[in-house]
Amino acid sequence: MMSYSPSEYIFSEGDVPTYYYQIISGEVKLNNYSEDGKEFIQNILSAGQSCGESILFIGKPYPMNAEVITECRVLRLPKPQFFDLLNQTPQLFLEISTFLSQGLYYKFIMMQNISSQNPATRIRGLMDYLKSLHGRSDAPYSFLIPFTRKQVASLTGLCVETAIRTIKGMERDKIVKIKDRKILY
DNA sequence: TCATTAAAGTTAT
DNA sequence: ATAACTTTAATGA
């Protein structure tokens with residue numbers, strides 16, 4: 001079991017994977033920084049999720065960082081033990097497969113969103129996905145976006161200012177509601 | 001139209 | 001207090 005503080009890295013771009021990581025508590029983001037320092041967030045993960053496992057399977061260097069957002073406890077299992085466990089536990093194998101597929105699905109959805117030129121479409125795509133994960137309540141304004149505007153911007157490849165302006169426009173169009181700076185969708 | 005820069009207000013640590 | 005985030009506005013590609 002490992003502990004990490006905000007802004008620490010569980011692994012970095014270019015590292016060769018040697019462990020399986022499972023988040024017990026806290027939040028982690030998978031990200032990249034471009035030469036000019038701009039961050040693109042690939043995904044934000046929290047308790048119960050694993051990070052970087054897809055790369056562990058193919059044994060290539062990580063193409064992204066796993067940067068800690070909030071104080072984290074992480075279960076760390078060496079690669080050989082992880083694969084042993086996987087062999088011995090069909091149930092675990094199935095769970096990992098499901099989680100892997102979920103990650104693929106997210107990538108697929110976001111890939112389509114990002115290729116859209118329109119910022120509102122991108123942000124709405126992200127919000128639709130997030131809300132779809134969260135139970136059945138399709139009711140409008142029933143889902144609180146669990147991210148900061150900066151994070152939303154980094155997840156959709158927009159600058160913060162554009163994200164903010166777009167979200168305000170969506171409020172005018174009654175797509176979202178803003179309460180105490182929190183975004184309800 | 002959106003990104004960038006700058007400046008100022010607000011929240012969290 | 002200080003850093004991180006939010007917001008507005010001006011400017012440029």
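Within every chain, numbering begins at 1; the chains are lettered A, B, ... in the order of the sequence lines, protein sequences first and strands thereafter. Note that this is a predicted model, so its numbers are computed, not measured.
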Rounded to the Å, how far apart are [X] [atom1] and [N] [atom2]?
X	N	atom1	atom2	value
A:Ile164	B:dA6	CD1	C1'	14 Å
A:Leu158	C:dT7	CG	C1'	16 Å
A:Glu27	C:dA4	CD	C1'	15 Å
A:Ile69	B:dA12	CD1	C1'	15 Å
A:Arg181	C:dT8	CZ	C1'	12 Å
A:Asp36	B:dT5	CG	P	9 Å
A:Ile145	C:dT6	CD1	C1'	17 Å
A:Phe147	C:dC5	CZ	C1'	16 Å

Of all the choices, [options], which nucleotide is nearest to the side chain of [X] once you look at every atom?
X	options	answer
A:Arg165	B:dA3, B:dA6, B:dT10	B:dA3
A:Pro119	B:dT4, C:dT7, B:dC2	B:dC2
A:Glu161	B:dC2, C:dT8, C:dT6	C:dT8
A:Lys168	C:dT6, C:dT8, B:dC2	C:dT8

Run the ring-centre check on A:Tyr21 versus A:Tyr4 and record whether the distance is less than 6.0 Å.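 Between A:Tyr21 and A:Tyr4, the centre distance exceeds or equals 6.0 Å.
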Hey, would you say the A:Tyr141 and A:Tyr185 ring centroids sit under 6.0 Å apart?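 When the ring centroids of A:Tyr141 and A:Tyr185 are compared, they turn out to be at least 6.0 Å apart.
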For C:dC5, does either OP1 or OP2 sit under 4.0 Å from a side-chain N or O belonging to A:Thr148?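 No, outside the criterion.
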Is there a donor-acceptor contact under 3.5 Å linking the side chains of A:Ser50 and A:Glu53?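 Indeed, the side chains of A:Ser50 and A:Glu53 share at least one donor-acceptor pair under 3.5 Å.
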Counting N and O atoms only, with roles assigned by atom type, does the side chain of A:Gln151 sit under 3.5 Å from a partner on the main chain of A:Thr148, one being a donor and the other an acceptor?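 Side chain of A:Gln151 to backbone of A:Thr148, a donor-acceptor pair under 3.5 Å: yes, one is there.
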